[in-house]
Number of protein chains: 2
Amino acid sequence: MSAGVNLKELAAELKLSPSTVSRALNDSYEISEETKKKVVSMAEKLNYQPNPFARSLRENKSKTIAVVMPERMSSFFAKVIDGIEEVTQQHGYHLLVYSTHEDVEREKKIVNLLMNGRADAIVMSVSSQTSDISHLTRLHDRGFPLVFFDRICPDIPTTKFITNDYESSFEGTKHLIQQGCRKIAFLMLSKELSITKERYRGYLDALKSAGLSPEPSLHITCAHEEEKNIEAIRNMLLSKERPDGIVSSVEKLALATYHAVKRTDIKIPEDLKIISFFSNLSIAGLLTPSLTTITQPAFSIGEECAKMLIKKLTKPRQPDLPNQVISIPSKITIRSSTIAV
Amino acid sequence: MSAGVNLKELAAELKLSPSTVSRALNDSYEISEETKKKVVSMAEKLNYQPNPFARSLRENKSKTIAVVMPERMSSFFAKVIDGIEEVTQQHGYHLLVYSTHEDVEREKKIVNLLMNGRADAIVMSVSSQTSDISHLTRLHDRGFPLVFFDRICPDIPTTKFITNDYESSFEGTKHLIQQGCRKIAFLMLSKELSITKERYRGYLDALKSAGLSPEPSLHITCAHEEEKNIEAIRNMLLSKERPDGIVSSVEKLALATYHAVKRTDIKIPEDLKIISFFSNLSIAGLLTPSLTTITQPAFSIGEECAKMLIKKLTKPRQPDLPNQVISIPSKITIRSSTIAV
DNA sequence: TTGTACGCGTTATCAG
DNA sequence: CTGATAACGCGTACAA
């Protein structure tokens, strides 16, 4: 099909044995400089490319890392992958990328497929449906290198990368309160998710420390279709208990809120202030009014995941990935959507 | 590390030879139903997973497709990949994904790495810098299955998937003219790109058929940093030759235009109308005013690319990918940014 | 119906 | 310094 020559043919051309050629190409100390030169130049001339599968079979590693995440159409995940790729590419690693589309069954299938060694490690952010984590436990129990980011599994003892969810949610909520909000809604993906729990906790604690009490009807969980989310938010905005502030724990629901507001007479920030965890800064600035964001360090999170794995995979006798949560802080950028008027 | 048992161990457990087990698992006609049952159930019990590299080495195929594209932070490319994955996953194929970041050098490196057989085929959209296409020619000349989408290489005789660039650009420009525009600007990525050329041609022909003449100072090429694009567009908007309409041949520059307009007193659509090739419909509706779009069928494009390749890869003696351009039409959605007032 | 032997392309071990 | 040989795990032609 595609390839040029293989090792044996290259060796024949050079009138050397395959093993000598292999060593020369791998820059072994036991080969003379002279033959190394000859071998390398002939390899280039004949465009020799080592067969990755033969090598993987022999060495029992694939030089490949798998990324499993809930969706692609999100600037957060896109940036994380960019960060991962930036690091892995420098080390000659390849990236298999999978989207679960927020579906646990798909997530399980993908994870099970990856257990056969096709990838040397997995970087993962779980689906919003994931509550049974047996597929992930099994993976980890077998010693498969696994790191989580953003939507983590606290119960699996490995390294996880997150942003300071609790604190930034607390600060974001506090900011709304300082701007005069008294009835603050909270928008979330599923309640199962680690990020939801932490961000919710931050929100609740901020309310509490201001003497405000949470109102259950103002806590909205994400549905599958965008349209349903928009309508749910709109209904909330028009209800008796209507909020004067919103904390959105996820990008998608902030956009849904803007859509919902468009369908009412409500004005941001006059009648309603909103802050959201968000990664697409260009869009945040273009929304009308521009959106106050809790900006997650997506690219850095990706880089850190990759660095951690590369260290584990390239150093010979590396210990297991430590059971720790590494937090990279978000930054709140105040724009028009929360300005008191 | 990770795996369970291998074929030999599984065979030993069953007191059968590896070949029998192999055949049983591959549902060979020469194995009795009875032993098949036994083998399969034991395989499940011991969680047998065939080693993908041994198999790839043996069969000389990887069950992997590579996707090479210019950037990840674009709803267009994200949707295309979703479409590709939808099809490939059903056929048990895996996806290696690479971003060139619009850098030819990176593109070359990636393509060269892929020549060693790590992937069975490549789906590709070239970088805006790509003018020397020798790396791609070489790939194709070796018989490597390759399809292009969106940003194609016309000179490489293989299958390409695009949208009806010329026609939709023509129609989009015509729409602006009908709404009263007389001085229409054209925003593009690099002039080298296939999509630029086609969309530009459609734009020019629409002007011509309305008796309008193009104004070179209104043709803007994309720079690398977003900020530069914004400033370039702003300067144009404030110049003597200022346009009353804009055709943006790419999503990114439509957003830059909105940013630029924010920095002036210009009003859309009163003083300036804008239409853009665009894929993120949710965002298009949220911009103020909402953006009239030429909506590219990104997901379908991805699906079609994948179907074409799967057919080529799975049918035994499939002919080469035909040298043809397959066009899937875009749809113009008129929103506020082009409403005459 | 099942088992034996070989090869896919590498790299590592052991001789020379 | 270099060459012969075995092994990674699988699938298949050939034998029984």
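Order of the sequence lines fixes the chain letters, A, B, ..., with proteins taken first and strands second; residue numbering starts at 1 for each chain. Predicted, not measured: the structure shown is a model, and the values here were computed from it.
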Give a yes/no answer on whether the side chain of [X] brings an N or O atom under 4.0 Å of OP1 or OP2 in [N].
{"X": "B/Asn60", "N": "C/dC8", "answer": "no"}
{"X": "B/Asn51", "N": "D/dC10", "answer": "no"}
{"X": "B/Tyr29", "N": "C/dT2", "answer": "no"}
{"X": "B/Arg55", "N": "D/dG11", "answer": "yes"}
{"X": "B/Thr35", "N": "C/dT2", "answer": "yes"}
{"X": "A/Ser17", "N": "D/dG3", "answer": "yes"}
{"X": "A/Ser32", "N": "D/dT2", "answer": "yes"}
{"X": "B/Ser19", "N": "D/dT12", "answer": "no"}

Requested in this report: Look at the side chain of B/Ser22 and decide which nucleotide, out of C/dT2, C/dC8, D/dG11, has an atom nearest to it.
Outcome: D/dG11
Query raised in the report: Just by distance, with hydrogens left out, do B/Glu107 and B/His135 show a side-chain donor and acceptor under 3.5 Å apart?
Result: yes
Report task. Could you tell me whether the side chains of A/Asn47 and B/Arg138 share a donor-acceptor contact shorter than 3.5 Å? Result -> no
Would you kindly give the [atom1]-to-[atom2] distance between [X] and [N], to the nearest whole Å?
{"X": "B/Glu30", "N": "D/dT12", "atom1": "CD", "atom2": "P", "answer": "10 Å"}
{"X": "B/Glu59", "N": "D/dT12", "atom1": "CD", "atom2": "P", "answer": "6 Å"}
{"X": "A/Glu33", "N": "D/dC1", "atom1": "CD", "atom2": "C1'", "answer": "12 Å"}
{"X": "A/Leu7", "N": "D/dC8", "atom1": "CG", "atom2": "P", "answer": "19 Å"}
{"X": "A/Leu25", "N": "C/dA12", "atom1": "CG", "atom2": "P", "answer": "13 Å"}
{"X": "A/Asn26", "N": "C/dG9", "atom1": "CG", "atom2": "C1'", "answer": "13 Å"}
{"X": "B/Phe53", "N": "D/dC8", "atom1": "CZ", "atom2": "P", "answer": "17 Å"}
{"X": "B/Gln49", "N": "D/dC10", "atom1": "CD", "atom2": "P", "answer": "11 Å"}

Query - Pair of N/O donor and acceptor under 3.5 Å linking C/dG3 base with B/Arg23 side chain - result: yes
Report task. Report the residue (B/Ile31 or B/Leu57) whose heavy-atom-nearest nucleotide on DNA chain C is the more 5′ of the two. Result -> B/Ile31
Requested in this report: Would you indicate what B/Pro18 reaches in the nucleic acid, counting non-hydrogen atoms under 4.0 angstrom: base, sugar-phosphate, or nothing?
Outcome: nothing
Query raised in the report: Parallel, tilted or perpendicular: which fits the ring planes of A/Phe76 and A/Phe149, with parallel below 30° and perpendicular above 60°?
Result: tilted
**Report entry** Salt-bridge present (B/Arg72, A/Glu85; N to O < 4.0 Å)
**Finding:** yes
Requested in this report: Return the minimal non-hydrogen interatomic distance between A/Asn116 and A/Arg118, and the atom names on each side.
Outcome: OD1-N, 3.1 Å
